[in-house]
Amino acid sequence: MAKIIIDTKIEASEQKKISKHIYDHFAEHLGRCIYDGIWVGEDSSIPNTNGIRNDIVHALKKIRIPNLRWPGGCFADEYHWKDGVGSREDRPRRINTHWGGVIENNHFGTHEFLELCEQLDCEPYICGNVGSGTIEEMSQWIEYITFEGNSTITELRKKNGREKPWRIKYWGVGNENWGCGGHMTADYYSDLFLRYSTNCKNLSGSKLYKVACGPVGEFPLDWVLQWVETVMKKTSIATLFSPLIHGLSLHYYTRVGAQPATVMNEKRWTVAMERALYMDKLLSEINIIMDKYDKSKKIEIIVDEWGAWWGNENNTNPWFFYQQNTIASALIASLHLDIFHKHCARVHMANLAQTVNVLQSIVLTKEEEMLLTPTYHVFDMYKVHQDSMLLPIKIESENYKHGRRTIPVINGSASVDSDNQMHISLSNINPSQDVDTEIQFNDFNLENCELTAKILRSEQLNAHNTFEAPETVKPEKYVKENFNIRGSNIFFKMPSKAILVIQLK
Ligand code: AHR
């Protein structure tokens, strides 16, 4: 049994918006995400526009991708932007030391990335190099992209074919600088952050939103909170005079061992769900520390890497992280999105890792073929929450127990959009049992409401889409007859291993 109580009357002062940027994505120069993924080159027989695959652009536009983070990841802290501009044949070939030592030909650089964002109609989010790059290099990259006037740097941009500057807001000042981005202490990084951030200038009317490197959630909680405390203490004081920090990043992967995603049993399932739910605790604890230095929540949490991290598919490059994506991955996504909604007063952005062919991808490609993963469908179903108002929700759920682990089976969130349509998203993470569910509304009569619903579910624990059977897991209508509506209550059975989005208008 589960009972869900939704409050529909919220005081204006209590209203919280679910930022559309909770639905952002991340694409790194890693494995087959960029090359042999998004970028096929202008001469490819695969339909493309200026080298960028049309089918991928079409798929991402459909889910209304708000922003894309690039070029890494660990790759960002060894990336030198000047390598990726100018004639492609003349661009230097470098070693991608983090990801398999493959040769990076730099064919996909600043112009190609910003063109991709234009094709996607989404905002760019660039992560600058603190680990091995200079302040001068980072500030010149910003000048190259955003400055309207005629400087030596912008003349180079014009010579490279772009007269007008681009607009960019989101700017990362380093990535995982406690690890692949330089193995720094929180103290040392915070000092560096202030120097780099001071030199990331707002040019030609642009207003950068600068993101400092935060912790990784898989590390012990004490360390996580210590990192947050140090960065907040050192940088929020400086912000009293001029805004140097706007966001603090958090990375957290749901890691569940070295077996491929499709190897699934109830034990592994429970571990995966429990680890996904840990995001809620992480955000609550981090928020307490941030509140100490920033009560008004001006500095936001940017979860710019998250998602399931299974073992690689057999016979693939171990550094390419090519992974299948199952109904469990879809549930990991829905749990996270609902948790981000709950914390939307502090969480401004979240970027799923990584868009194409790497980790928890939303699309997979094989030569000219492309498939949509179960996770893609979650983003499609959930896009209705983008920029909507969060509705307070209380969920009383039965638990599922496996060994020493216990997880609440029904999880979810609710919002109301600008057209006054309400959306309730629910996940049943019980691997085998349907759950009798009741939704009760405070102060809301369902009499004149039209109810529609979509569901993503499967019979098998490891259900997934393949190039041979690309529609094994896909959303269906969950017809009205499944619901029993009485007064201000809705009764229904929530199927096992399912994600349901109900719309009321
Ligand atoms: O997403 C893969 C890698 O995971 C990223 O490059 C890094 O930031 C993280 O450790």
Side-chain angles (χ1 to χ4, degrees), residues 24-35 37-38 67-79 94-102 104 108 113 125-133 170-184 189 193 211-220 223-224 227 231 247-258 261 275-276 279 282 301-313 316-323 325 329 332-333 336 349-364 373 375:
D24 291 343
H25 292 273
F26 167 43
E28 179 170 11
H29 288 235
L30 191 175
R32 296 174 50 238
C33 183
I34 301 288
Y35 303 111
I38 293 168
N67 121 2
L68 187 62
R69 177 175 184 249
W70 174 85
C74 295
F75 181 79
D77 278 286
E78 71 171 9
Y79 183 63
R94 308 279 186 209
I95 311 168
N96 187 335
T97 62
H98 292 290
W99 308 127
V102 297
E104 163 65 55
F108 191 88
F113 170 64
Y125 171 19
I126 287 184
C127 183
N129 179 347
V130 172
S132 67
Y170 296 104
W171 194 268
V173 183
N175 170 75
E176 298 196 350
N177 301 93
W178 39 261
C180 63
H183 292 100
M184 302 173 192
Y189 170 74
F193 170 81
V211 181
C213 165
V216 60
E218 296 108 288
F219 280 16
W223 178 88
V224 169
W227 183 280
V231 177
L248 178 68
S249 77
L250 169 68
H251 290 181
Y252 177 67
Y253 287 97
T254 303
R255 292 179 193 255
V256 204
R275 294 202 176 145
M279 178 56 95
L282 257 182
I301 298 179
I302 303 294
V303 191
D304 52 19
E305 288 186 33
W306 68 273
W309 194 313
W310 311 104
N312 299 320
E313 286 297 291
T316 59
N317 185 321
W319 291 106
F320 280 17
F321 309 142
Y322 179 77
Q323 302 179 4
N325 195 293
S329 315
I332 289 170
H336 275 83
M349 185 194 291
N351 305 67
L352 177 67
Q354 299 194 5
T355 323
V356 184
N357 295 330
V358 173
L359 299 174
Q360 190 168 353
S361 310
I362 49 175
V363 303
L364 298 175
T373 66
T375 300

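Just so you know, ligand 1 is whichever comes first in the structure, and atom 1 is the first atom listed for that ligand.
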Measure the shortest side-chain to side-chain distance between Asn67 and Asn351 over non-hydrogen atoms and say whether it is less than 4.5 angstrom. yes
CH2 of Trp223: more than 12 outside heavy atoms within 6.0 angstrom? yes
Within the 4.0 Å heavy-atom sphere of ligand 1, strictly under, residues: Phe26, Glu28, Leu30, Gly73, Cys74, Trp99, Asn175, Glu176, His251, Tyr253, Glu305, Trp309, Gln354, Leu359
Arg69 to Tyr170 six-membered ring, cation-pi geometry met (6.0 Å, 45°): no
Can you sort out the partners of Arg275 under side chain to side chain donor-acceptor pair (under 3.5 Å), two or more places apart, ordered by chain and number? none
Apply ring pair (Phe, Tyr, Trp, His ring centres under 6.0 Å) to Trp309 and list each qualifying residue two or more places apart in sequence or on a separate chain. Tyr253, Phe321
Contacts of His251 that satisfy side chain to side chain donor-acceptor pair (under 3.5 Å) - sequence neighbours left out: Glu176, Asp304
